[in-house]
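Down below is the structure, laid out as structure tokens.
We count ligands from 1, going down the list as the structure has it; atoms in each ligand are counted the same way.
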Amino acid sequence: MANIAAIVGRPNVGKSTLFNRLTESRKAIVDAESGVTRDRHYGKSEWNGLEFSVIDTGGYVKGSDDVFEGEIRKQVTLAIDEASVILFVLDVAEGITEDDKVVANILRKSKKKVFVVSNKVDNFVRQGMSGEFYALGLGDPYNISAISGSGTGELLDDVVKAMDADIKEEVIDIPKFAIVGRPNVGKSSFINALLGKERNIVTPIAGTTRDSVNTRYTAFGHDFLLIDTAGIRKKSKVEEDLEFYSVMRSIRAIEDCDVVLLLIDAQLGLEAQDINIFHLAESNRKGVVIVVNKWDLIEKNTNSTKEYEEKIREKLAPFRDVPIVFTSTLTKQRVLKAIETAEKVNENRTKVIKTRHLNDVMLPIVENQPPAAIKGKHVKIKFINQLPTHAPTFAFYCNLPQYVTEAYIRFLENRMRAEFDFTGVPIQIFMRKK
Ligand code: GDP
Ligand code: GDP
């Protein structure tokens, strides 16, 4: 199950500073449309061996200096729905404000684990000042300074403990496919086309995840779980709200699934937010199928699909080895093909290559084109095996792992992809000392 920590709180308390510290990414991405640089709002963190996602809900509030109460209310409510734990950030220098009370009131009613984070505790004097936050009725405050990082270790110790306790939810051992994509690409239509006339062969699974709608499909030799991020909360008026909701739902669904079916609108092509979701799937090492929907609306010539595929793959680089399926939910064209492709990707992702076969195939390739010598030193790769991880990972054992370049590792990955089918699956290659 997904482990997600959502950072909430009114503007200027230090949410994005804490986010950056937890995800250690001060990298900002440039918003292609407006040309403005904006911070990332979600990323991965790891503490005591547990990996989890962090979302800065404040990053989605526009004009964040004077946010309306209603706006904060919305962000917090959604965070409660989607996250496993909430980090409620406050500014110790300012104490409890009216906006803080609004947030606290909502959080008190939720059943989610809430951590009261007293931020900007930069010095000894301020430590005593956090006592005020007991009045919020949400438990002991954690004293931190997001800027220096002090106190974040104790906070994270307890955060991952809370997440660990949450993990023991039931897990069904069948492939899980997440249907994700921006609003209006056709997610609901896709699911209806798939399930529509065969409703009777579908069993809804209660309680597998709390919020996204999960449906088990068993018929005609198929057995999989669909994680649906469509529907629910389509009421939002504003474009940015929609983006916020779809990203929040996508993060959760991607973490819960084995293969992501990323739907895009054929008329719009692959856009910045689609690429964000793609990278999210990739960094979570999930399988991916790109589904170009509304294909019926495109005027075609004999090369249409080929050209379209090329354009998409260019934007996916370097992870281009991804299947692309062209669908129309209107005419039901290739909807089942998209699912069958996801099943194939799932096979690729769970594939185990016998050590002997792996070495028989890859060692001659390595011998033929060994890593370039650096400072007169030659790297000798002697042995390869697949590691027993949940997504394909390979260790290449050699004398001087530190001398192997990124470029060479990419060469190995390309050859592995050519020799064994890993289409739609991110693979990892490590160089290890023998
Ligand atoms: P957000 O609006 O809640 O995301 O807040 P930001 O992360 O943008 O921080 C608001 C301001 O508080 C910025 O000027 C930060 O540099 C500052 N700030 C954040 N954390 C700390 C801290 O631990 N100590 C101090 N003194 N300032 C901080
Ligand atoms: P969602 O927001 O991703 O769940 O998208 P919907 O399934 O609600 O579809 C959004 C709109 O696109 C609706 O008006 C659908 O009828 C339309 N639509 C969905 N799939 C197709 C398709 O394959 N072809 C055409 N022409 N329209 C589609």
**Report entry** N or O pair under 3.5 Å between Thr327 and ligand 2
**Finding:** no
Query - Over 12 foreign heavy atoms within 6.0 Å of NE2, His279 - result: yes
Query raised in the report: Should we say atom CD of Glu307 is surrounded by more than 12 heavy atoms from elsewhere, each under 6.0 Å from it?
Result: yes
Query raised in the report: Counting from 1, what ligand 1 atoms have a heavy atom of Gly14 closer than 4.0 Å?
Result: 1 (P), 3 (O), 5 (O), 6 (P), 7 (O), 9 (O), 19 (C)
Query raised in the report: Quick one: does Thr17 get an N or O within less than 3.5 Å of an N or O on ligand 1?
Result: yes
Query raised in the report: Hey, which atoms in ligand 2 end up nearer than 4.0 Å to a heavy atom of Asp296?
Result: 22 (C), 23 (O), 24 (N), 25 (C), 26 (N)
Query raised in the report: Taking both backbone and side-chain atoms of Lys187, is any N or O found less than 3.5 Å from an N or O belonging to ligand 2?
Result: yes
Report summary line: ligand 1 to Ser16, heavy atom cutoff 4.0 Å, flagged ligand atoms 1 (P), 4 (O), 6 (P), 7 (O), 8 (O)
Query - Close N or O approach (Val13, ligand 1; < 3.5 Å) - result: yes
Query - Worked verdict on Ile290 versus Leu316 for side-chain contact (heavy atoms from CB on, under 4.5 Å) - result: CA-CA 10 Å; Ile290 305 267; Leu316 298 182; 4.3 Å; yes
Query raised in the report: Which bit of Thr329 is near ligand 2, meaning a heavy atom under 4.0 Å away: side chain, backbone, both or neither?
Result: both
Query raised in the report: Counting heavy atoms not belonging to Lys337, are there more than 12 under 6.0 Å from its NZ?
Result: no
Query raised in the report: Is a side-chain N or O of Asp100 found less than 3.5 angstrom from the main chain of Thr97, in a donor-acceptor match?
Result: yes
Report task. Give the single entry among Ser189, Gly186, Ala266 that approaches atom 15 (C) of ligand 2 most closely by any heavy atom. Result -> Ser189
Requested in this report: For the pair Trp295 and Phe326, name the ring-plane relationship: parallel under 30°, tilted 30 to 60°, perpendicular over 60°.
Outcome: tilted
Report summary line: Logged contact type for Asn184 with ligand 2, heavy-atom cut-off 4.0 Å, is both
Requested in this report: Would you mind running through ligand 2 and noting each atom that sits below 4.0 Å from a heavy atom of Ser328?
Outcome: 23 (O)
Query raised in the report: What atoms in ligand 1 come closer than 4.0 Å to a heavy atom of Asp122?
Result: 22 (C), 23 (O), 24 (N), 25 (C), 26 (N)
Report summary line: In ligand 2, the atoms that come under 4.0 Å of a heavy atom of Leu330 are 22 (C), 23 (O), 24 (N), 26 (N)
Query - Lys187 to Phe190 six-membered ring, cation-pi geometry met (6.0 Å, 45°) - result: no
Query raised in the report: Who's closest to atom 23 (O) of ligand 1 heavy-atom-wise, of Ser118, Ala146, Pro11?
Result: Ala146
Query - Plane angle bin for Phe224 and His222 - parallel if under 30°, tilted between 30 and 60°, otherwise perpendicular - result: perpendicular
Report task. Report the part of Val121 (side chain from C-beta onward, or backbone N, CA, C, O) that has a heavy atom under 4.0 Å from ligand 1; answer both or neither where that applies. Result -> neither
Report summary line: For Lys15, the atoms of ligand 1 under 4.0 Å from one of its heavy atoms are 1 (P), 2 (O), 3 (O), 4 (O), 5 (O), 7 (O)
**Report entry** Heavy atoms of other groups near Lys351 NZ, more than 12 under 6.0 Å
**Finding:** yes
**Report entry** Lys111 atom NZ: more than 12 heavy-atom contacts under 6.0 Å
**Finding:** no
Query raised in the report: Do the numbers put Lys15 on top of the ring of Phe19, so that NZ or CZ is under 6.0 Å from the six-membered ring centre and no more than 45° off the axis?
Result: no
Query - Atom indices of ligand 2 within 4.0 angstrom of Leu297 heavy atoms, with elements - result: 26 (N)
